[in-house]
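A quick write-up on the structure given underneath.
Every number for a ligand or one of its atoms is a count from 1 in the order of the listing.
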Amino acid sequence: MASFPTVFETINDIGMPEINWLLKRTKEIKSLIKSDSLGFQTFFQTTNKIVACTFFEEHSTRTKLSFTRALQLLGAKFINFDSGTSSLKKGESLRETFLTLKAMGVNICIFRCPQSEGLSPFKHKAPFKLINAGDGMNEHPTQALLDLFTMTEENFDQLEGKTVAIVGDCLHSRVSHSLSRLLPQFGMKVLLVGPEEFLPVSEQLPGVEFCRDRDEAIKKCDLLYLLRIQTERHRRSDLLEIDSYIERYGVTLDHLKKLGREIPLYSPGPANIGVEIDEAAISSNLFVGHRQVENGVYMRMAIIEAMCSLNKENVNELPGGIRTI
Ligand code: CP
């Protein structure tokens, strides 16, 4: 039986008991917050644990603020680390930075970096618990989990047999990589859709198929998950003609209506309006992006709780109704 890991780097670090625990706990937390009954005592209110939000050299709105909000709601003590004004700029290493944070009492670190597998060197000798908040092109496991939670509550009673078409820059998207590992575990089919230069070639995952034709994918799928073109991770900025991309892979409300498919539109954000999605589609009631953001706070509360409290012994026992930790 796997336990919740010390370093949560990839979806593969957790198994079905942990994923199901997170889904159930997220639902409980959402219901508590919606009913204005945040009177529960959290782990953080009874300990001196400190969480650091460390976002290295990469911009973020959703993930950074979502974790910050989750920590506020949990009553946690936290510090924000600004890499741009830190001693990293004087040549200090990441390891030394982590040891410095540890010496200040940090117990959990939420970590984003532009390097793929930037957490890997710490996997077996972490100075504290680490949560991957997106590492280059590798993974964004907390995003995939909040997406899964949103799918369970927003669209599907049963996930089994449903098809999710992830459209766009699948190759450079860490979200796409995490979803491709997560959703098939629930019997869902993942269709990666995009031009050849945006489709991964090396990895063949069970339950994941490739499609070059956007309209074929739209006709087949139960929901569309739209990715931004991630030029910051491209080796060349002229990989493709943007106008032809919109024409072939962008999604507009008019086009969906023409195909007779008014299906949910997911986006991890930020979205390039006018590129992968048009203003009419993002303003329509098909767009789920803002509900994903809201659920992200609850899922991240559950993940932080799990990192603090779940271990090999109790992972199967929880949850059982509303509880205090
Ligand atoms: N979804 C996501 O990771 O967004 P940010 O880059 O704004 O954090």
(request) Test Ile110 against every option in Thr142, Leu71, Thr63 by the side-chain contact (heavy atoms from CB on, under 4.5 Å) rule and name the one that passes. (result)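 Single side-chain contact (heavy atoms from CB on, under 4.5 Å) partner of Ile110 among Thr142, Leu71, Thr63: Leu71.
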(message) Taking NZ in Lys123 as the centre, count heavy atoms belonging to other residues, nucleotides or ligands within less than 6.0 Å. Is the count above 12?
(response)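 Yes, NZ of Lys123 has more than 12 neighbouring heavy atoms, counting only those of other groups under 6.0 Å.
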(message) Can you give me the closest heavy-atom contact between Asp222 and Lys162, atom names plus distance?
(response)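 Nearest heavy atoms, Asp222 then Lys162: OD2-CA, 3.3 Å.
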(request) Specify the protein heavy atom at minimum distance from atom 2 (C) of ligand 1: its residue, its atom name, and the distance to 0.1 Å. (result)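 Scanning the protein heavy atoms, the shortest distance from atom 2 (C) of ligand 1 goes to Thr63 OG1, 3.4 Å.
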(message) Among all the protein's non-hydrogen atoms, which is closest to atom 1 (N) of ligand 1, and how far away is it?
(response)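 The closest heavy atom on the protein side is Pro268 O, 2.8 Å.
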(message) Are Met104 and Val51 linked, directly or through intermediate hydrophobic residues, by side-chain heavy-atom contacts shorter than 4.5 Å (ILVMFWY only)?
(response)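 Not linked; separate clusters.
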(message) Any heavy atom of Arg112 closer to ligand 1 than 4.0 angstrom?
(response)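 Right, Arg112 reaches ligand 1.
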(message) Taking only non-hydrogen atoms of Gly269, do any sit less than 4.0 angstrom from ligand 1?
(response)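 Checking ligand 1 against Gly269, which is what was asked, there is a heavy-atom contact under 4.0 Å.
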(message) Tell me whether Gln143 has any N or O atom under 3.5 angstrom from an N or O of ligand 1.
(response)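 Min N/O separation from ligand 1 is below 3.5 Å for Gln143.
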(request) Could you tell me whether Ser60 and ligand 1 have an N or O pair separated by under 3.5 Å? (result)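 N/O-N/O distance under 3.5 Å: yes.
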(message) Using a strict threshold of under 4.0 Å (side-chain N to carboxylate O), is an ion pair present between Lys189 and Glu209?
(response)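 Yes.
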(message) One thing to verify: whether Glu216 and Lys219 come together as a salt bridge, which I'm taking to mean a side-chain N less than 4.0 angstrom from a carboxylate O.
(response)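 No, Lys219 and Glu216 are not salt-bridged.
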(message) Using a 4.0 Å cut-off to any heavy atom of Thr61, which atoms of ligand 1 qualify?
(response)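 The atoms of ligand 1 under 4.0 Å from a heavy atom of Thr61 are 5 (P), 7 (O), 8 (O).
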(request) Please could you name the atoms of ligand 1 that His140 approaches to less than 4.0 Å, counting only its heavy atoms? (result)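 Counting from 1, the qualifying ligand atoms are 2 (C), 3 (O).
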